[in-house]
Amino acid sequence: MDVSPILDGLNDAQREAVTAASQNMLVLAGAGSGKTRVLVHRIASLVEHEGVSPYAILAVTFTNKAAGEMRTRVEQLLDMPAGQLWIGTFHGLAHRLLRTHWRDADLPQGFQILDSEDQLRMLKRVMRALDLDDDKWPPKPLQWFINARKDEGKRPQSFGQVRDPVLQTQLKVWTAYEAACQRAGVVDFAELLLRTFELFRDRPDILDHYRRRFSHVLVDEFQDTNAIQYDWIRLLAGGGAGVFIVGDDDQSIYGWRGARVGNILRLGKDFPDLQTVRLEQNYRSTGMILGAANALIEHNSERLGKNLWTDIGEGEPVRVFTAFNEREEASFVIDRIREWSAQGGARRECAILYRSNAQSRVFEEALMAAAMPYRVYGGLRFFERLEIKDALAYLRLTENRHDDPSFERVVNLPTRGIGAKTIEDLRAAARERDISLWQASSRLRDERRLTARASAALEAFHDLVERLAAEVTGLPLHEQVDAVIRGSGLIAHYEKEKGERGEARIENLEELVSAARGYDVEPGSDMEPLASFLAHAALEAGEAQGSAWEDCVQLMTLHSAKGLEFPLVFLCGLEDGLFPHQRSLLAAATPRETPGGMKLGQRVAHARFGEGVVLNFEGAGEHARVEVNFHDGGTKWLVIAYAKLEPLR
DNA sequence: GAATGCGAAGGCAGG
DNA sequence: CTTCGCATTC
C-alpha cells in the first residue's frame, strides 16, 4: 500500500477523488464528510505525486476563513511554504487580478474598494442628485437590485430599450451610480467580480495568459456560486485546465445572494467528461442527527441524491424544547450547559447557533447574569466600526484624493465648519463638471463661489490631507496609521466623546495601529503596504472579538458555523418568519403590497386569532383578501374590509 | 449656515 | 443599539 502521508488515512471515496486521473472532477461532499480534507490532499497530491508546479494551481473558496485554513493545511501537508499557490476567495483573487491589470480594466492605479455600507451611502448620494424621493425609492432594495444584476453579469446597457417605468428608474440610478464610482475610482464587491469577468471576456490575450498558467482549477463550496462566479470559472478553465469542483447540492445557504444550485447540474454540460465522486460517510454526527437531517433534506428540489451515513453510532435523539419566550429559551440553554460542565464537559464544546446576529443579545445578557464566559463571533466586525472607518477614510484619501465616499465621510470630521449646504454645492459642481469632490472644492474656491468661511475650512482640509500624505510617505505602515489618526484630529475628536464610548473608540483606533503593525502584505503581491492594507480592510472585515482563548461558550450565526464541529449544539429561535427567514419563505424576491397597504411578511394582529404573518393576497377593492399565518391556528384567508387587521411593527 | 441635542424608526447572512 | 431626520441654539 502507498505509504505517502498524502493518501494515508483517506477512505475509499476520498482517495478516489484525490487521485483521480480524470481531468474534470465533481466531488459531491455531504456535511462532515471530509470536504476540505479532500481539497487539501488533492492539491498536495498534484504537487507531490504528479509534479504539478504550485504556480499552475488556482484554488477558490468563499470565505477568508476557508482560504486561510486551506493554505495552512496544504503547507503543513507539503511541509513547505506555498506562496506561489493561488488560494483565495473569489473577491480576493479578482482584486489581485485587477491590481495587476488596472489599466486594461479601466481603473485608476490606486482604486479602492467600497464595502456595503460605503456603497449604500454612495447610492443615497446619487439618488439625491437625481431628485428621487427616498420614501418611494428606498435605497436598500435598489442596492440589492444593482448587486443582484451585477451578480448575473449584467450592466445597465444590457437591458436595451425598457418600457417598465420602475425598471427605467432603477437603471437610471444604477447608471448614475456607476458613473460616480468610476469618477471616484472605487469599486464595490460585485464590481470586482464583474470587472474581472469582463476583462477575461474582452481581452483574449489576458485570458489566454491565465489559461496557460493555471492547469488546475479547484473550487470549494461550489453550490454557493452565483452566475458571474460560474462564468468566471468556465472562462478560466475553458482552455483545457482540469477542474476539481467540490460542493454539496444539499447545503446551499446563499440562495438569497444569487447562488444557484443549478450550477452543479450545469457542470456536466460545460465539462462533458466530468467524473463524479460522492462522499457519503459523515465523521461528525451521530445516526440520530443524520436521520433528522436526511429527513429534511429529502424535501429539497433539484437534488442529485446522496445518502449520508455514519458509523459513530445512534447517539441521543435530537431534542426539541418549546420555550414560552426568548428569555426562557436562554435559561433552558444555560441550564443544559451547566449540566454539561458538571459532567466534565468543556464550555467551548457548546455552541449556541441562531439565524441573525441580533438574536445574540438575549443570550449574552443571560450568560452574563449566569457568570458564564462566552464568546460571540460575527456582529459588527472590527473594520466596520465607525471610528475605524473614519480613520480608513483619511488613509484612503492620502492614497486617492478622488475617493468621494471617503471625502464626504471626513471632510467635516472633526467638525471644521463645512456643513450640509457647502457639501451640497460641492456635489452639484462635481456632478456638473464630471469631477471628484476633491477637485470640485478646489475649483469652487478658485472661482470664489464659496463663502469665506467654507472656503477657509476647505483649504484647511486640503492642506491637512496633503500634509498627512507627505508626512507618511516612506514610513513603516503602522507609523503611517498612527500619524494619520493623530494628525487628522480623530483621536482628539473621540477623546471629547463622553463616557466609555469614547474610550472604547480610542482603544479601537490604537488597535488599528497594532493591526497595521502585524500586517503582512499578501504573498506574491507587489502592492504598497498601505494600499494592500486598505484593500485587506475592505475584503476581510476582521473578527469582532479576537480575545483570549478562554473556555467560553461559543455564540454564532448558522452561517459562520458552517463547517465547524461541536459536541453540544443549540439551534435557537426556530420561529416562524425568523428561522427560516421570511425572505426565503416568500421567495417571490419583488416586495408587493396588498390593497390595504400591508406588505407580504408583515406582522398583523387580529382580534380573535391573535398575531400572524401575511403570506399572500388576492383580489382588489372591497373583495381583496389576505392569507395570514397565525401563530396558533394555522393559515386563514381573510377579507381585508371586514377582518380589521392591525399592522404590527 | 453650522453644531448640537432629541425622538423615531429599523434591524440578515459574507466579501 | 444604531442611524436618520428634525428642531433648537450658536
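The chains referred to below are lettered A, B, ... by the order of the sequence lines, with proteins before strands, and numbering in each begins at 1.
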Quiz item: When the distance from NZ of A/K140 to C1' of B/dG11 is rounded to whole Å, what number comes out?
Solution: 8 Å
Quiz item: Can you check the A/Q119 CD to B/dG15 C1' distance for me, whole Å?
Solution: 12 Å
Quiz item: Which nucleotide in the set B/dG1, B/dG15, B/dA13 lies at the smallest distance from any side-chain heavy atom of A/T557?
Solution: B/dA13
Quiz item: Would a line drawn from the ring center of A/H101 to the ring center of A/Y210 be shorter than 6.0 Å?
Solution: yes
Quiz prompt | Whole angstrom value for the distance that separates P of B/dC12 from CH2 of A/W144 | solution = 15 Å
Practice problem: Have a look at A/A454 and say if it touches a base, only the backbone sugar-phosphate, or nothing, with a 4.0 Å heavy-atom cut-off. | Solution: nothing
Exercise. State whether A/R125 and A/D404 are salt-bridged, where the test is any N-O pair (Lys NZ or Arg NE/NH1/NH2 against Asp/Glu carboxylate O) under 4.0 Å.
Key: yes
Exercise. Between B/dG15, B/dA2, B/dA3, spot the one nearest the side chain of A/F189, thanks.
Key: B/dG15
Let me check something: any side-chain donor-acceptor pairs from residues 417-429 of chain A under 3.5 Å, sequence neighbours excluded? List them with distances.
{"unit_1": "A/K421", "atom_1": "NZ", "unit_2": "A/D425", "atom_2": "OD1", "d": "3.3"}
{"unit_1": "A/K421", "atom_1": "NZ", "unit_2": "A/D425", "atom_2": "OD2", "d": "3.1"}
{"unit_1": "A/E424", "atom_1": "OE1", "unit_2": "A/R427", "atom_2": "NH1", "d": "2.7"}
{"unit_1": "A/R427", "atom_1": "NE", "unit_2": "A/E408", "atom_2": "OE2", "d": "3.1"}
{"unit_1": "A/R427", "atom_1": "NH2", "unit_2": "A/E408", "atom_2": "OE1", "d": "3.0"}

Exercise. Measure from the side-chain N and O atoms of A/R195 to the backbone N and O of A/A105, and report whether any donor-acceptor pair falls under 3.5 Å.
Key: yes
Practice problem: Determine the contact category for A/D115: base if any of its heavy atoms lies under 4.0 Å from a base atom, sugar-phosphate if only primed atoms, P, OP1 or OP2 are that close, otherwise nothing. | Solution: nothing
Quiz prompt | Whole-Å distance separating the CG atom of A/L426 from the P atom of B/dA2 | solution = 10 Å
Quiz item: Backbone N or O of A/Q109 within a donor-acceptor pair of the A/R99 side chain at under 3.5 Å?
Solution: yes
Exercise. May I have the distance from A/R453 (atom CZ) to B/dA2 (atom C1'), rounded to whole angstrom?
Key: 6 Å
Self-check item: Pair A/Y374 + A/F363: ring centers closer than 6.0 Å
Solution: no
Quiz item: Which residue lies toward the 5' end of DNA chain B, A/N412 or A/A538, if each is placed at its nearest nucleotide?
Solution: A/N412
Quiz item: How close or far is atom P of B/dA13 from atom CG of A/D151, stated in whole angstroms?
Solution: 18 Å
Quiz item: Is any side-chain nitrogen or oxygen of A/T422 closer than 4.0 Å to OP1 or OP2 of B/dA2?
Solution: yes
Exercise. Starting from P on B/dA2, measure out to CG on A/D425 and report it in whole angstrom.
Key: 9 Å
Exercise. Select one nucleotide: of B/dA2, B/dG15, B/dT4, the one nearest the side-chain heavy atoms of A/T415.
Key: B/dT4
Check nucleotides 1-4 of chain C against the protein and report each pair of N or O atoms closer than 3.5 Å, with its distance, or say if there are none.
{"unit_1": "C/dT2", "atom_1": "OP2", "unit_2": "A/R501", "atom_2": "NH1", "d": "3.4"}
{"unit_1": "C/dC4", "atom_1": "OP1", "unit_2": "A/K124", "atom_2": "NZ", "d": "3.4"}

Quiz item: How close or far is atom P of B/dA13 from atom OH of A/Y354, stated in whole angstroms?
Solution: 9 Å
Exercise. Flag the pair A/W232 / A/F90 as yes when their ring centroid distance falls below 6.0 Å, and as no otherwise.
Key: yes
